[in-house]
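Beneath this line is the structure, given in structure tokens, with notes to follow.
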Amino acid sequence: MGSEIIFIIPAALGFAAIATLGGTLVVWLVWMLARRWGPLSRRGGSSHFPIGATAAVLLAISLPAGCIRACQPIPQPESLRTVAAFEVPLTSAVDRANFLTILTAEARAEGLDLNVETAKEMERWAEMLPELRRSIHATVYRGGDLRQTEAYVSDRSHLGHAWISFTKGEDPALARRFRERLMSRTVERWPETLSVPVAQTGSLPNKEDLVLGDHGYEIGPAEMAGYLCGTAPGNSPHSACD
């Protein structure tokens, strides 16, 4: 949850600010109407609207509501459901550069766009929150009015071992073709590549909860309950349980 705080706080504060400003305006309009057209008995009293007290009360109400709203799971379209993931050992700058060359070539061959974070951008994230440190971070997406994510690459929380995850995509056949072509070249270049299981909740497990199996990583038996619908402590924003 630590790294998500950096996104939850702005969302909660934004909701609280909008709710406080909007609520204060509504209360002020009601107060004005009551003074102008209300019963004579209610037209007396202070001629100044208590804007400070009103805003404080509304902020005290809206801030907790904003936190609850920001922490709620966000329904995702089926096309964004993660269907496969792999771990690629990219322990050097040369490995990362070679992988990005392959990724770029395969993305362009399928008419996809690619966004790669620079070293400076990744360093800024790490300065904001050490948990966000990574040495590679890239997103492959299908362009258009709505950018459709096809693949996501990052070694956050497991530096030197990049995880690449693939979504179902708007066109599953095209998404599968891109995935198979890319992973064929990746495994050929890095035969130590391992598969990473996609949990029933739709999320990727924490690496420390994984054990090596015959065909890649598996979720450890002791941690399995945390990744099953109905027993997970909280569904991720990409949850498939709903």
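Counting begins at 1 with the first residue of the sequence. The figures that follow rest on heavy atoms only: side chains count, while hydrogens, waters and symmetry mates do not.
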Kindly indicate, with the supporting measurements, whether the criterion salt bridge (Lys or Arg N to Asp or Glu O under 4.0 Å) is fulfilled by E170 and R142.
CA-CA 9 Å; E170 288 286 355; R142 196 171 297 279; over 6 Å; no
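- Distance check: D209 CG to E218 CD gives 13.5 Å after rounding to the nearest 0.5 Å.
- When the side chains of ILVMFWY residues are joined at heavy-atom separations under 4.5 Å, either directly or via intervening members, M224 and L212 end up in a single hydrophobic cluster.
- Residue E106 holds its CD atom at 13.5 Å from CZ of R179, rounded to the nearest 0.5 Å.
- In the hydrophobic clustering of this structure, L174 does not group with Y141; members are Ile, Leu, Val, Met, Phe, Trp, Tyr whose side-chain heavy atoms approach within less than 4.5 Å, directly or through other members.
- Linking ILVMFWY residues whenever their side-chain heavy atoms come closer than 4.5 Å, directly or via other members, leaves L159 and W125 in distinct clusters.
- For the atom pair CG of D113 and CD of Q148, the computed distance is 12.5 Å after rounding to the nearest 0.5 Å.
- Atom CE of M122 is separated from atom CD of E117 by 6.5 Å, given to the nearest 0.5 angstrom.
- The minimum heavy-atom distance linking T167 with A175 is given by the pair O-CB, 4.0 Å.
- Remark: the backbone N or O of H215 is paired with a side-chain donor or acceptor of S195 at under 3.5 angstrom.
- The CG atom of L228 sits 12.0 Å away from the CD atom of E223 when rounded to the nearest 0.5 Å.
- Proximity of a side-chain donor or acceptor of S184 to a complementary backbone N or O of E180 within less than 3.5 Å is not detected.
- Clustering ILVMFWY residues whenever any of their side-chain heavy atoms sit less than 4.5 angstrom apart, transitively, puts V196 in a cluster other than the one holding M183.
- Between the side chain of D155 and the main chain of G160, a donor-acceptor pair closer than 3.5 Å is present.
- Taking each heavy atom of P205 and Y227 in turn, the nearest pair found is CA-CE2, 3.5 Å.
- The heavy-atom pair separating P197 from L210 by the smallest distance is CG-CD2, 3.9 Å.
- Remark: the backbone N or O of R156 is paired with a side-chain donor or acceptor of H158 at under 3.5 angstrom.
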For salt bridge (Lys or Arg N to Asp or Glu O under 4.0 Å), just list the numbers for R81 and E78, CA-CA rounded to whole Å, side-chain angles, deciding distance to a tenth of an Å, and then say yes or no.
CA-CA 5 Å; R81 180 169 60 87; E78 179 68 13; 2.7 Å; yes
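- With salt bridges taken as basic N to acidic carboxylate O contacts below 4.0 Å, none links K120 and E123.
- More than 12 heavy-atom neighbours from other residues, nucleotides or ligands sit within 6.0 angstrom of CZ on R189.
- A continuous path of Ile, Leu, Val, Met, Phe, Trp and Tyr side chains, each step under 4.5 Å between heavy atoms, connects I219 with L204, placing both in one hydrophobic cluster.
- Residues E110 and V140 form no side-chain contact, since every pair of their non-hydrogen atoms from C-beta on lies 4.5 Å or further apart.
- Counting heavy atoms from C-beta outward, F178 and L112 have side chains that approach closer than 4.5 Å.
- When all heavy atoms are compared, the tightest approach of G216 to L194 is CA-CD2, 4.3 Å.
- Under the 4.5 Å side-chain criterion, counting only non-hydrogen atoms from C-beta, F166 is in contact with L182.
- For the atom pair CG of D95 and CG of L100, the computed distance is 11.0 Å after rounding to the nearest 0.5 Å.
- Here the options are V116, V153, V88, the test is side chain to side chain contact (heavy atoms under 4.5 Å, CB included), and the partner is I136; only V153 passes.
- Contact check for E121 versus H137: no side-chain heavy atoms found under the 4.5 Å cut-off.
- Aromatic ring pairs are classed by plane angle as parallel below 30°, tilted from 30° to 60° and perpendicular above 60°; the pair W163 and Y217 is tilted.
- Between L90 and R96, the shortest heavy-atom distance links the atoms O-NH1, 3.5 Å.
- In terms of heavy atoms, A84 sits closest to V198 at N-CG2, 4.0 Å.
- The number of heavy atoms from other shown groups lying within 6.0 Å of CD (E188) does not exceed 12.
- Put simply, the side chain of Y152 does not reach to within 4.5 Å of the side chain of T82, judged on heavy atoms.
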